[in-house]
Structure formats: structure tokens, C-alpha cells
Amino acid sequence: MKNIDLNRIPNHIAIIMDGNGRWAEEHGKERIYGHQNGVEAVRSAIEGAGEIGVKFLTLYAFSTENWNRPKEEIDALMALLVKAIKNELDGLMQNKVRLQAIGNLSSLPVECQSELQDAIEKTKNNTGLTVVLALSYSGRWEIVNAVKEIIKNNIEVKEITESNFSTFLNTTHIPDPDILIRTGRECRISNFLLWQIAYAELFFPAILWPDFRKEHLFEIIVEYQTRQRRFGKTGAQISNTSIFNF
Ligand code: FPP
């Protein structure tokens with residue numbers, strides 16, 4: 001942590017928490033054991049992000065495509081989510097964490113929806129880190145949804161710009177991620193925040209999610225701070241203006 005420049009902390013980190021199933025297999029257990037141990041990694045990532053002043057942390061907890069998994073795994077994951085939200089609520093309040101969610105939330109089991117809404121309501125005035133859970137979420141679903149809303153609202157073609165299109169996305173009040181991390185030794189995006197990661201810095205640490213701890217997050221931030229983000233400009237333009245946009 002001492003190697004992190006606290007004046008250039010990313011605003012928003014998004015994480016694809018992959019590798020729970022393989023972690024469980026490697027420990028000779030059922031897949032759900034990996035998801036259960038993934039909760040400790042979630043806790044550590046939230047703690048680490050909060051400690052260094054990250055504003056938003058978005059976690060891909062369940063994708064639209066995850067509905068195609070075996071029913072027992074889906075049921076166990078939903079039950080785990082309900083339990084984790086319930087158990088973590090006091091800690092979130094103590095650490096001033098605000099909880100939000102994106103995705104097709106109405107497709108979640110009723111108990112999961114109500115636990116989530118309760119936690120969102122109770123934490124809504126917290127002023128620290130905002131943790132955004134992506135649940136029943138996919139980037140293509142979100143973009144198609146935005147197009148439907150634009151049509152329903154009779155928005156004229158000439159009024160459609162990149163910035164007002166993004167107001168129709170689930171993430172309308174959330175800045176685009178500066179960093180996207182995917183654990184689990186896979187290098188793909190899997191339909192996550194497709195619009196929002198246009199200029200995110202990508203990291204694929206070779207670690208399975210249940211082993212991820214805040215120290216891994218800090219290492220990534222140290223490397224992030226060595227990268228030059230050019231947003232389409234030349235390196236010389238960026239150096240001359242000293243705009244690093246962290
Ligand atoms: C992907 O690993 C992980 C998931 C689909 C679920 C992530 C859920 C948690 C970490 C549980 C708790 C979450 C919160 C926010 C409290 P995988 O199952 O695809 O792993 P594999 O690629 O090794 O099969």
C-alpha cells in the first residue's frame with residue numbers, strides 16, 4: 001500500500017470475480033464451496049478499496065448467462081447472496097459503504113430482491129465507497145434496454161449523443177470504470193459493462209477469485225499508476241498537458 005500514490009486513486013474499479021468453481025474443484029469440493037469462499041474475497045476487496053479512497057467498486061456477481069447454470073447452483077448462489085447481504089450489512093454501515101445494484105433485478109428471487117432493496121435503502125446516505133452489485137446483468141441486455149427506453153421516450157435522432165445515451169444505462173449516476181479486473185486466468189470481458197469500459201485499463205491477475213485479497217488490489221493499483229492513459233491522444237500531448245485523468 002505504501003507504493004500507492006494516494007493523489008491518483010482510480011474513481012471506479014470493476015471486477016469480474018471468476019474462478020470460484022475451479023478453486024472449489026482444486027480443493028476437492030462442490031462448486032458452491034468456491035462461491036462461499038468468494039465472499040471473503042469480496043469483503044477484502046471492499047475493505048481495500050475503502051481504505052485507499054476508491055469511490056465506486058462494481059462486482060459482477062451474477063450474469064444474465066449465469067441463469068443457464070444447473071438449478072442447484074443458481075439456488076445456492078441466490079441463497080448465498082441473501083445470507084451475505086444480511087451478514088455484511090452491519091459492516092457496510094460501520095464502514096460507511098453505500099450499496100447499489102444494476103441488472104434485471106426483477107428476475108431475482110423475491111427474497112433476494114427484498115434483502116437487496118433493504119440494504120440499498122439502509123445504506124443510501126452513507127458517504128464512503130459505493131459498492132455496485134451487478135446481478136442478472138449483461139452489457140448487451142443493458143444497451144438494448146437503453147435503446148427501448150429512448151424509443152419509448154420519443155427521443156429525436158438529433159438529440160442522441162454518447163453522453164445522453166449513457167443516461168439510459170443502469171450506470172447513469174456512476175462514472176465509467178478506470179480499471180477492470182478479471183480473476184480466474186481467463187482474458188475476456190463476458191458481457192460486462194460493454195459501453196462503460198471503453199477506456200478502462202484491463203488487468204487479468206492469474207489468481208482464482210476466492211484467493212483474491214486487498215493486497216492484490218493494491219498491486220494492481222500500483223501498476224495502473226505506471227500506465228499512461230491517452231484517451232486517443234498522443235503520448236506527447238498527454239505529457240505536455242500533464243493530464244493523467246486518474
Ligand atoms: C464466477 O466463478 C463467479 C460467480 C458466477 C459468482 C460470484 C459470486 C460470489 C463471489 C459470491 C458472493 C458475492 C457477493 C457480492 C456477496 P465461476 O463459478 O464461473 O468459476 P469457474 O470459472 O472456475 O467455474
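The figures that follow rest on heavy atoms only: side chains count, while hydrogens, waters and symmetry mates do not. Just follow the structure's listing: the first ligand is 1, and inside any ligand the first atom is 1.
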K.L.:
Does any N or O of ligand 1 fall below 3.5 Å from an N or O anywhere on Gly21, backbone included?
P.N.:
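N/O-N/O distance below 3.5 Å exists for this pair.
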K.L.:
Among protein heavy atoms, which lies nearest atom 4 (C) of ligand 1, and at what distance?
P.N.:
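Answer, as residue, atom name and distance: His35 CE1, 3.9 Å.
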K.L.:
Can you establish whether the number of heavy atoms outside Glu73 located under 6.0 Å from its atom CD is more than 12?
P.N.:
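It does: Glu73 CD has more than 12 such atoms within range.
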K.L.:
Please write down residue, atom name and distance for the protein heavy atom closest to atom 19 (O) of ligand 1.
P.N.:
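I find the closest protein heavy atom is Arg69 NH2, 2.7 Å.
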K.L.:
With under 30° as parallel and over 60° as perpendicular, where do the rings of Trp141 and Tyr137 fit, or are they tilted in between?
P.N.:
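Trp141 vs Tyr137 ring planes: perpendicular.
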K.L.:
Would you mind checking which non-hydrogen protein atom is closest to atom 10 (C) of ligand 1, with the distance to 0.1 Å?
P.N.:
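So the nearest neighbour among protein heavy atoms is Asn20 ND2, 3.5 Å.
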K.L.:
Around atom 12 (C) of ligand 1, find the nearest protein heavy atom and jot down its residue, atom name and distance.
P.N.:
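Minimum-distance protein heavy atom for atom 12 (C) of ligand 1 reads Val39 CG2, 3.7 Å.
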K.L.:
Does Gly19 have a heavy atom less than 4.0 Å from any atom of ligand 1?
P.N.:
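Right, Gly19 reaches ligand 1.
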K.L.:
Tell me, do Thr64 and Asn104 make a side-chain contact under 4.5 Å, heavy atoms counted?
P.N.:
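In short, these two side chains do not touch, never coming nearer than 4.5 Å.
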K.L.:
How are the rings of Trp67 and Phe62 set relative to one another: parallel (under 30°), tilted (30 to 60°) or perpendicular (over 60°)?
P.N.:
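Perpendicular.
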K.L.:
Could you list the atoms of ligand 1 found under 4.0 angstrom from a heavy atom of Arg22?
P.N.:
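Listed by number with element: 21 (P), 22 (O), 23 (O).
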K.L.:
For ligand 1, is any non-hydrogen atom under 4.0 Å from Leu208's backbone (N, CA, C, O), its side chain (CB onward), both, or neither?
P.N.:
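Under 4.0 Å from ligand 1, Leu208 contributes no heavy atoms.
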K.L.:
What are the atoms of ligand 1, with element, lying closer than 4.0 Å to any heavy atom of Asn66?
P.N.:
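Listed by number with element, the hits are 5 (C).
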K.L.:
Heavy-atom distances under 4.0 Å are what count here, so tell me which part of Trp209 touches ligand 1: side chain, backbone, both or neither.
P.N.:
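Looking at Trp209 and ligand 1, just side chain atoms fall under 4.0 Å.
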K.L.:
Nearest 0.5 Å, what's the CD-CG distance between Gln94 and Asn126?
P.N.:
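CG of Asn126 is found 11.0 Å from CD of Gln94.
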K.L.:
What residue and heavy atom of the protein are closest to atom 14 (C) of ligand 1, and at what distance?
P.N.:
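Going by distance alone, atom 14 (C) of ligand 1 is nearest to Leu81 CD2, 3.9 Å.
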K.L.:
Under 4.0 Å from any heavy atom of Ala61, which atoms of ligand 1 are there?
P.N.:
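What qualifies from ligand 1 is 6 (C), 7 (C), 8 (C).
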K.L.:
Using 0.5 Å steps for rounding, measure from the NE2 atom of His35 to the CE atom of Met17.
P.N.:
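Output value for this atom pair is 10.0 Å.
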K.L.:
Without hydrogens or angle criteria, can the side chains of Ser190 and Arg182 be said to hold a donor-acceptor pair below 3.5 Å?
P.N.:
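Side chains of Ser190 and Arg182: pair found under 3.5 Å.
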K.L.:
Under 4.5 Å between any side-chain heavy atoms of Tyr33 and Gln36, yes or no?
P.N.:
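Sidechains of Gln36 and Tyr33: in contact.
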K.L.:
List every atom of ligand 1 that sits less than 4.0 Å from any heavy atom of Leu133, numbering the atoms from 1 in the order shown and giving each element.
P.N.:
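Contacts of ligand 1 toward Leu133, numbered from 1: 15 (C).
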K.L.:
With a 4.0 Å cut-off, would you call Arg22 and Glu25 a salt bridge?
P.N.:
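Looking at Arg22 and Glu25, the cut-off is not met.
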K.L.:
Considering only heavy atoms, does Ile85 approach ligand 1 within less than 4.0 Å through its side chain, its backbone, both, or neither?
P.N.:
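No part of Ile85 comes within reach of ligand 1.
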K.L.:
So do the side chains of Ile52 and Leu6 get within less than 4.5 Å of each other, counting heavy atoms only?
P.N.:
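Counting from C-beta outward, Ile52 and Leu6 do come under 4.5 Å.
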K.L.:
Can you tell me which portion of Arg185 lies within the under-4.0 Å heavy-atom range of ligand 1? Options are side chain, backbone, both, or neither.
P.N.:
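The answer is neither; Arg185 stays 4.0 Å or more away.
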K.L.:
Please write down residue, atom name and distance for the protein heavy atom closest to atom 1 (C) of ligand 1.
P.N.:
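Going atom by atom, the protein heavy atom closest to atom 1 (C) of ligand 1 ends up being Met17 O, 3.1 Å.
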K.L.:
Other residues, nucleotides and ligands only: do more than 12 of their heavy atoms fall within 6.0 Å of CD on Glu111?
P.N.:
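Open: at most 12 neighbouring heavy atoms sit under 6.0 Å from CD of Glu111.
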K.L.:
So if I count the atoms of ligand 1 from 1 in the order they appear, which ones are less than 4.0 Å from some heavy atom of Ala84?
P.N.:
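Atoms satisfying the 4.0 Å criterion: 16 (C).
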K.L.:
Counting heavy atoms only, which part of Arg31 comes closer than 4.0 Å to ligand 1: side chain, backbone, both or neither?
P.N.:
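Just the side chain.
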K.L.:
Between the main-chain N or O of Arg140 and the side-chain N or O of Asn191, is there a donor-acceptor pair closer than 3.5 Å?
P.N.:
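Answer holds: yes.
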K.L.:
Check if Gln36 has a non-hydrogen atom at a distance under 4.0 Å from any atom of ligand 1.
P.N.:
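Judged by the 4.0 Å heavy-atom criterion, Gln36 does not count as contacting ligand 1.
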